[in-house]
Amino acid sequence: MAFCSPHSTTSLSSPCTTIPNSGFRQNQVILFTTRSSRRSNTRHGARTFQVSCAVEQPIVIGLAADSGCGKSTFMRRLTSVFGGAAEPPKGGNPDSNTLISDTTTVICLDDYHSLDRTGRKEKGVTALDPKANDFDLMYEQVKAIKEGKAIEKPIYNHVTGLLDPAELIQPPKIFVIEGLHPMYDERVRELLDFSIYLDISNEVKFAWKIQRDMAERGHSLESIKASIEARKPDFDAFIDPQKQYADAVIEVLPTQLIPDDNEGKVLRVKLIMKEGIKFFNPVYLFDEGSTINWIPCGRKLTCSYPGIKFSYGPDTYFGQEVSVLEMDGQFDRLDELIYVESHLSNLSTKFYGEVTQQMLKHADFPGSNNGTGLFQTIVGLKIRDLYEQIIAERAGVPAEAAKV
Ligand SMILES: Nc1ncnc2c1ncn2[C@@H]1O[C@H](COP(=O)(O)OP(=O)(O)OP(=O)(O)O)[C@@H](O)[C@H]1O
Ligand SMILES: O=C(CO)[C@H](O)[C@H](O)COP(=O)(O)O
């Protein structure tokens with residue numbers, strides 16, 4: 001059996017053993033290419049490892065949204081679809097932003113901030129500004145992972161506001177990059193097998209921020225307002241435009257069921273799904289391609305005021321053909337969701353009722369009683385399906401044979 005050593009420069013085709021104490025898996029040959037020389041010393045030597053042997057080539061998913069818009073919640077739902085719990089890297093930095101499960105590794109793109117909190121303040125730029133982020137390194141490392149190579153990714157520490165020493169990330173089956181800029185850089189965008197944008201309207205964002213930052217972080221109403229206002233120009237310039245590139249957009253708006261509602265508690269949520277994406281068939285209600293309005297409240301679905309309304313139909317989004325599924329209102333009883341599920345098609349479930357089961361399992365997550373939770377769960381199932389189809393195509397077998 002071949003043996004890999006840290007300074008090996010040969011690529012071996014035969015299986016190789018794990019480097020002792022390195023954390024590397026079996027069947028990987030590692031060629032260390034230290035790139036710390038071109039990094040500032042605050043980077044603590046981010047490195048790219050070349051790996052050969054029979055390693056997996058991950059599929060790469062991008063999830064874009066502003067801070068506090070539900071990315072972590074979405075990631076927890078996605079991981080759960082694959083059946084595992086996600087945890088930070090074992091024995092690593094307690095402030096790591098990475099979450100690893102059996103199938104997925106989720107990294108936070110804040111780790112590619114090139115300026116720490118003080119640096120941003122000195123230069124007068126926000127974290128949303130591309131000038132505060134290292135897109136070359138982001139591209140290099142996402143590409144390396146996609147090629148099945150391990151990386152040493154920097155860590156941005158949200159507690160201290162500093163750039164911490166890098167952490168080792170192995171290529172998983174599914175690699176998710178979540179954060180402010182997954183679709184900003186064209187090179188990174190090209191590496192994505194699927195992309196999602198969480199588009200939270202200003203009114204709703206404000207309501208969620210108040211809820212979290214006042215209740216959990218002790219911020220004042222004025223400081224929350226000021227922070228949203230301060231971010232807005234850069235959000236509009238650099239974050240929001242990414243939604244045109246997303247394969248699926250979850251748009252969250254105030255309800256239309258309550259006139260002049262400004263509480264932001266009842267939500268109208270749209271799932272905008274691009275047509276013509278390989279391995280992604282948009283979900284539909286009743287009849288594919290028709291325009292449908294459906295009020296399911298009545299004998300089979302309990303609805304208190306203001307009720308629930310679904311809509312579905314074709315549309316265009318940034319000049320591209322899309323299907324849009326919309327839910328306005330909220331569920332009173334989550335177990336009754338099965339009634340709605342039975343009227344939706346192309347859900348990519350493995351058994352009847354899987355959407356309802358997932359939603360019930362995470363009834364305590366934010367948004368479980370409305371379209372945010374429902375559509376996040378559906379997109380999670382579509383990603384599982386996409387993964388299985390890509391793996392099947394690579395292996396030249398029918399998709400059924402690659403089911404996880
Ligand atoms: N679907 C939802 N319905 C209601 N509130 C929500 C929903 N999703 C998120 N929130 C609110 O927003 C907060 C942030 O959610 P989450 O941690 O998932 O977002 P995030 O984008 O990962 O945030 P950050 O980038 O700041 O870590 C939650 O604590 C909750 O208050
Ligand atoms: O928009 C953000 C991404 O989640 C953060 O504001 C950004 O990462 C800066 O972090 P900090 O709040 O620690 O200065």
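No hydrogens, no waters, no symmetry mates; every other heavy atom, side chains included, goes into these values. Ligands are counted one by one from 1 in listed order, and the atoms in each one are counted from 1 as well. This one's a predicted model, so the numbers in the text were calculated from it and none came from an experiment.
- In this structure, the ring of Trp294 has its center less than 6.0 angstrom from the ring center of Tyr339.
- With respect to atom 25 (O) of ligand 1, the closest heavy atom belonging to the protein is Lys71 NZ, 3.1 Å.
- Applying salt bridge (Lys or Arg N to Asp or Glu O under 4.0 Å) to Lys153 and the options Asp111, Asp134, Asp164 leaves one that passes, Asp111.
- We find that Lys270 and Asp199 are not joined by a salt bridge, their nearest charged nitrogen and carboxylate oxygen being 4.0 Å or further apart.
- With hydrogens left out, the protein atom closest to atom 19 (O) of ligand 1 is Gly70 N, 2.9 Å, a heavy atom.
- For ligand 2, the protein residues within 4.0 angstrom (heavy atoms only) are Ser67, Asp110, His113, Arg117, Arg120, Ala127, Tyr156, His158, Leu180, Arg231.
- Listed by number with element, the atoms of ligand 1 under 4.0 angstrom from any heavy atom of Gly367 are 1 (N), 2 (C), 3 (N).
- Where the criterion is an N or O separation shorter than 3.5 Å, residue side chain and backbone included, Thr73 meets it with respect to ligand 1.
- The ring pair (Phe, Tyr, Trp, His ring centres under 6.0 Å) with His181 is formed by just one residue from the set Phe238, Tyr112, Phe135; it is Phe135.
- With hydrogens and angles left out, the side-chain atoms of Thr98 and Glu167 include a donor and acceptor closer than 3.5 Å.
- Side-chain atoms of His362 and Ser80 include a donor-acceptor pair closer than 3.5 Å.
- Atom NZ of Lys309 has 12 or fewer heavy atoms from other residues, nucleotides or ligands within 6.0 Å.
- The protein heavy-atom contact nearest to atom 3 (N) of ligand 1 is Trp208 CZ2, 3.3 Å.
- Relative to the ring axis of Phe235, Lys205 places its NZ or CZ within 45° and under 6.0 Å from the centre.
- Of all protein heavy atoms, the one lying nearest to atom 12 (O) of ligand 1 is Gly68 O, 3.6 Å.
- From the protein, the heavy atom lying nearest to atom 17 (O) of ligand 1 is Ser72 OG, 3.5 Å.
- Considering only non-hydrogen protein atoms, atom 31 (O) of ligand 1 sits nearest to Gln211 NE2, 3.4 Å.
- With hydrogens and angles left out, the side-chain atoms of Ser345 and Glu288 include no donor and acceptor closer than 3.5 Å.
- Checked options Phe310, Tyr312, Phe286; the residue passing with His343 is Phe286 (criterion: ring pair (Phe, Tyr, Trp, His ring centres under 6.0 Å)).
- Both tests do not hold together for Arg77 against Phe365: distance to the six-membered ring centre under 6.0 Å, angle to the ring axis within 45°.
- Among protein heavy atoms, the minimum distance from atom 1 (N) of ligand 1 is reached at Thr372 OG1, 2.8 Å.
- Near Cys69, with a cut-off below 4.0 Å to any heavy atom, the atoms of ligand 1 are 19 (O), 20 (P), 21 (O).
- Closest to atom 13 (C) of ligand 1 among all protein heavy atoms lies Arg212 CD, 3.8 Å.
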